[in-house]
Amino acid sequence: MASSVFVSFHHEDINFITGCVLDPLRNRGIHVFVKGESKTFDLFQAIERSRLFIVVLSKNYASSICCLRELVAIINGVESSPRSVLPIFYGVHQSEVLFQNGCYGKAFSKHEERFREHKKRMEEVQTWREALTRVAVFRGLHMKNATGHGGFDFVQYAINIVGPEFSTPQDEAIYEKFEDIVQSKDGDEVSYKELRGLVRLRDFISLMLTYPVKLEEDGVLRSWISAFPEWKAELFSTGGYPVIYKPWSLLTEKALRCMKGFMPVEIMAEIESGERSIFNRDNDVILEGLLPLIVDLAVNQLIQTLFSGDYCARYIRLLTRNSAEKESVVSKIVSALEDKHNLFGIDKDFLMAVWINALTRETDAEVQVQEEINKIMGSISITEGDDMLTTLDTDEKKRRNRLLVIVVDADSNRKKLDLQKVQFPTGIVVLITTESSTQAVMDDGIASTMDLNIWTQDHLLPWKLFNTYVGSCISCSTVGSSTTIQTIAVEIVKKIHGHLLAIVLVAKHLRNVKDDKYWELVLDKLSSRNPFYDYQDCDRIGISRVMVNAFVNIIWEDIDDELKLCLQLSLPVRNIKNGVRDDILVSYWANILRYTQEVGEYKRQLQYYLEELLDCFVLLEFESGDVYLPIEAYDIIKSLHISQPSIIRHSALGLTEIGQWHSLIQLELIDNKICELPQSPDCPKLKVLLLQGNADLLDIPDSFFDHMPLLQHLDLSYTSIRDLPPSLTKLIQLKKLYLKGCDLFMEISPQIFQLKNLEELDLDGTLITHLPKDIQELINLQRLALCFDAYHHVLSRGKKGMQISNTLIIPPGVISNLTRLNYLSLDVDPEDEQWTENVNSVLLEILGLEKLKTVSIYVPETDLLELIPGTKSLNFRLVVGHHIRRLISRVPPELETKFKQCNYSMKFVNGVNVPNGVKMNLERFKALYLDRHMTIKSLSDFNLSNLGRLKVCILAECNEMETIFDGGKSSDEPVSLMLEFLSVFYMKNLRNICQECCPFSSIKYIALHTCPMLTTIFTISTFISIPLLEEISVEDCPKVTTLIIHDSPEERRSAFSLPKLRVISLLYLPNLVNIFNGLRVEHALEEMIFYCCPKLQSLSRSELPWEYLKFIKGESMWWEALDWSVSEWGYAGRPKFLEQFFKPITMEADMKSPPAAHQETQLNEYHGTMYQGVSSSTELMTKLHLETPLLSLSGSKEGEAQKRKAVIEPIIFSPPLLKRKPNESFRRRTPQPSMKVIRTKNLDDGYSWRKYGQKEILGAKYTRGYYRCTYRNTHGCQATKQVQRFDEKPTTFEVNYRGTHTCTQKQDLIAESGDEEVFEDFIAKPDSSSATNKNDIFSWEEITAELEEPSQILNRKRIKRCKQFQY
């Protein structure tokens, strides 16, 4: 037996469904289908076989993907065949379903967050939204609880719903029903008024759809018109049953929402109240010049309705105000039909047009009209018509058999024609008549029986809009004060011809203007073509030319450049055409335009700009406060932006030249290939110029800045400029100058000191050696970033270098005179002895600056920290401790860079014990980085009470640390830290995270890298103390067998919860057996990454939820070899739906470097910035693991600068060239260096190399690579090597070493190994255990060199492990 009723519901509502829906229907013998009950049909087959669908829309419905997919299938079934839907709103309001807000909005936010990286799934989410919107407009029941239907006979109601839905009510039945309502309207006044208001609103929406203005909600208006017949039928078919919640009220609100942005409040109030006319017929005076416009617009509405095909009308009534107007309307219709026939032929839509004149028929008019119709029908040759239609399909025959019957009725003072007494042929009947105000009440009944009423009076709307906005009020408007202006105003409205938005724009522009000549100028501009605008583009997308002229010639020319810039910036804002919050829009403007002022100050100014744009109606505002850009204004501004841009933002496009400059206010050409700038560009409006990242830019022309009088922000970071041009002094308004990463910039140009208004100066990453005293002239300087990191470079200059090295880096009194500083960053070389002598006085001057808020500084001696007063609330970013800067670091450079930007942070390097200066200041820090601490056993050594504010903690190479938190050393009272981010690198003796109780109750992210002795990550007691954990990453910890250690079998029966856990990454864990050690853990995992975990041979259901899962990343062999337990997964093994989530790991793309950039992104969350524009950690993780290899330093701006710096720096220690004898070829005579040749599979020998060339070898398949020591320029190290890959064994290399290392790398490696002999064996025996301990030491320069040969594998350790674990 086929299913007749299908019920869609969330499984948590089964009790309500069974008692209120299923049992009553089944008791009456109705077959009901519920998902999961049938073994014959699957879910979607049952939907196809059902006749009635009952959708129970509860609070949990939208959270279920299965329910939403059911709903999509149901809606598709209803739209493809005559079947019915009965929605039950159980505990939710209908508006929540219709607009997906409230609980439905929260559910969809989770869906979109989950699937935002999957384009197809996001498209599916959009279909779910559309399905909910469609089902919400059907009539349904509202139930707050199981008895919410008030004892109503649910079964009988459902049966009554099914019956009428399959038959279309005839016109006669509707008339009879309406007559019943009219006769009893005293007893049913609500239904009568509801119908009258709907009819009036229908007529107004139909009018709006025929006007030339384009609305973003145009589809909503058409949907409203399409749904009206169903709503009308519903009012006639209540049948004594309770009145259902009216669905039209919600759709009406959405339909009118788009008009409220530019319609006056009084007009919208009349429309919503159902008033018959938007004008007071007795008081409004209609100017004679407007009559042709009124007639044109009314006839145009009729013609569009007849031939558009979007509106299914049977009876249309066109009402005029008097006989003269009616004659004009008839004449216009005749002309319009002739034009239509000449252009397209009306026989495509109608068999013919029939005119019937009832003007002179005073008695028995209906009988005479019927006779005339019969006579006309008899004159039509049926045979000829049949012959003509034989070749047409059925739909075409129906259209061609229709007649267009136009009846011209008697005047208002005569008896009206009763259409119900006349039998009209198939087609459309148009009744043209007149009315007077005395017939208004009687006419309501006739209006409600019509499918459309067209009032010529309504087409005075354009004039009323203009009259409302052009002056302060209608009674005292400017238009009424001057006959000349009145005449021009009429011509303007006629010229715009019904384009409501253009009328509003022009009216607001002319508000309170009394100059006749200016009015004439505006009228002339409406007809004038703009030479700079592409009219073909507006014709192509359907924008009226008069709207283009109104916007471009009048509005755009009038507004300020700042407003133009804000409008062009609004183009890429998401949902700008549908509405965004005003504060979000202002924040977006501020984030892009903040280069000239502080964000807070600039927001206030931008808020004023927003109010101006709203006042002139370029931007419109909804009642909710959201602002939007009308679709036509959006398209016009977009075209103007292309032809006359105020801002250009071209980043990383490989541009080599710059286009137009003259009209620009802001120019962004970041990360391009620009190598040459124009000599003297004319930029009278330019305020912001961003050229950072153009590494090929070497020089700036001397007169480049001559014609940039308004420039306030200049960014030349990461370019190759050496100095600044003389014309820089003409930038008298310059406030911000950035030269960060200009590694050829060696001296501060004296031109800078003449920029008296300069507020920010960034010289970080330059090669300056000292700070000149003249910087004191910059009295307005507020932010200063300096870098004195050229210590070794200075020493290489010989005598001049020695002179510079004897100069103080920062002269006394310089810092203290910069009294307005609120930010200071000083980056120095930790090996610079001059800084050690200079830092004491500099620190004292810094502490004396009253307005200083943030300072970043290197303090070599911990005793200096005792100088900081405890009451000083400075935001310190400190690096503490003597050390030698290492190019080879255990911690990824991106993570270190981001840590430097953390507020209230301290990096403690090479520490011993806990110095008093550190202990005194530890309470002020929120971020702590311990690098190579020599003696610390755990964080408890710092006294956890001093770490109360700590949120970020990075631990690297603290080889004496056995546990991060030692509960035994804590105080008697338990301590709870605010720590949220914990990252650990290369801890040789670390065995567990914490002992006894866990103080990390706020922890969100944990990453553990290369901890060879680590065995315990979580115990039961620590596991239940971390409910906020979101991500955990464990890498290269060979003794880890599970994430949770426990011995009690009773714990397996307990349920644990990590509700926010969404990412697990487990890499190189050879002994990992399971994840949660058999515990039942509730979580919301979205991303799971596994690599080289050979003993992880099965996954349980609790470890592998699919409801929130986005992807599983792992090796294909591991995935195929997994054992799927029958008790958990059934006999079928791995569920098929899991295949869509699995993404195989590829060695080349995924495993070139450790996933450390993900930690860097997590760290961004703690100081309010995101790295390289990535919006969230999930997004970055997806990019890293699914699309591209991990970012390395060589791909960043800093990396490019380092590479460029190394190439350009002179070779200081190269041997002298010998003079050659005449006729003797030139030859460099140097001692023959020592050589050593080895064969190895590992290119990582512990040294840092830079590749300087490669060449093809005769007879060899692979090229030979040539490398030199990275420290050749700085330390004079002459060591080189040649690398040749074997043809027969591509994974094996022959390495030919020439020379010995004289740089500090050898000493560093000896210090790590503790034995020079062991270090020497490192080169001779690359596959030994000693080498294994060093194979994670690599330089980013080496990675850069290796990337030039993609076939080489960069990380031998990981590749070797991968080969060992075969499944």
Side-chain angles (χ1 to χ4, degrees), residues 561 595-596 644-768 772 774-775 777-778 1197 1200-1201 1204-1205 1207-1208:
D561 291 335
Y595 304 112
T596 55
Q644 304 175 39
S646 297
I647 179 171
I648 291 180
R649 305 184 71 199
H650 292 164
S651 300
L653 297 180
L655 300 179
T656 57
E657 296 180 356
I658 305 174
Q660 54 184 320
W661 292 73
H662 184 77
S663 63
L664 292 176
I665 300 174
Q666 183 163 321
L667 176 60
E668 301 181 26
L669 296 169
I670 304 171
D671 296 335
N672 284 289
K673 298 181 180 179
I674 295 172
C675 60
E676 187 175 347
L677 296 174
Q679 289 296 320
S680 182
D682 183 19
C683 308
K685 302 178 181 179
L686 192 65
K687 292 185 177 181
V688 178
L689 177 59
L690 307 181
L691 294 172
Q692 64 262 37
N694 290 282
D696 298 329
L697 183 60
L698 298 173
D699 293 305
I700 300 176
D702 289 346
S703 59
F704 180 74
F705 298 113
D706 279 349
H707 303 292
M708 300 181 185
L710 302 180
L711 192 65
Q712 299 180 26
H713 181 105
L714 175 62
D715 196 335
L716 297 168
S717 302
Y718 302 106
T719 60
S720 299
I721 63 171
R722 299 172 181 268
D723 52 24
L724 296 171
S727 58
L728 183 73
T729 58
K730 296 186 178 182
L731 303 180
I732 58 176
Q733 295 194 30
L734 191 66
K735 295 182 178 180
K736 299 185 179 184
L737 176 60
Y738 295 96
L739 297 167
K740 183 177 182 179
C742 295
D743 47 19
L744 299 181
F745 196 86
M746 305 179 68
E747 294 183 5
I748 300 181
S749 303
Q751 294 91 334
I752 294 179
F753 305 134
Q754 300 182 38
L755 304 174
K756 303 302 182 182
N757 290 316
L758 196 64
E759 296 177 357
E760 296 187 19
L761 177 61
D762 191 340
L763 296 170
D764 189 18
T766 61
L767 290 181
I768 62 172
D774 292 338
I775 200 170
E777 298 179 13
L778 302 178
K1197 298 184 183 69
E1200 292 295 331
R1204 194 167 61 253
K1205 177 179 176 181
V1207 172
I1208 297 176

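Computed from heavy atoms alone, side chains included, the values below leave out hydrogens, waters and symmetry copies. Position 1 is the first residue of the sequence, and the numbers go up from there.
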Are the side chain of [X] and the backbone of [Y] linked by a donor-acceptor contact shorter than 3.5 Å?
X	Y	result
D671	N694	no
D715	S717	yes
N757	I732	yes
S646	I665	no
S727	D702	yes
D774	P772	no
S720	A695	yes

Measure the shortest side-chain to side-chain distance between [X] and [Y] over non-hydrogen atoms and say whether it is less than 4.5 angstrom.
X	Y	result
L710	L686	no
L664	I648	yes
Q692	L690	yes
S680	F704	no
C742	Y718	no
L755	T729	no
D762	L737	no
R722	F745	no

*Where is the tightest heavy-atom contact between L697 and E676, given as atom of each residue plus distance?*
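So the minimum-distance heavy-atom pair works out to CD1-N, 4.2 Å.
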*asked:* Please determine whether side chain to side chain contact (heavy atoms under 4.5 Å, CB included) holds for the pair L724 and L716, giving the CA-CA distance in whole Å, both sets of side-chain angles, and the decisive distance to 0.1 Å.
replied: CA-CA 10 Å; L724 296 171; L716 297 168; 4.0 Å; yes
_Side-chain ion pair, E777 and K756, N-O less than 4.0 Å_ =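 Looking at E777 and K756, the cut-off is met.
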*Output yes when D561 and K685 qualify as a salt bridge under the 4.0 Å nitrogen-oxygen rule, no when they do not.*
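Looking at K685 together with D561, the answer is yes, because their closest N to O distance falls below 4.0 Å.
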*Test side chain to side chain contact (heavy atoms under 4.5 Å, CB included) on L758 and F753 and set out the steps.*
CA-CA 9 Å; L758 196 64; F753 305 134; over 6 Å; no
*Output, in order, the C-alpha distance, side-chain angles, deciding distance and verdict of side chain to side chain contact (heavy atoms under 4.5 Å, CB included) for L731 and M708.*
CA-CA 7 Å; L731 303 180; M708 300 181 185; 4.1 Å; yes
*Apply side chain to side chain contact (heavy atoms under 4.5 Å, CB included) to L763 and I768, showing your working.*
CA-CA 8 Å; L763 296 170; I768 62 172; 4.2 Å; yes
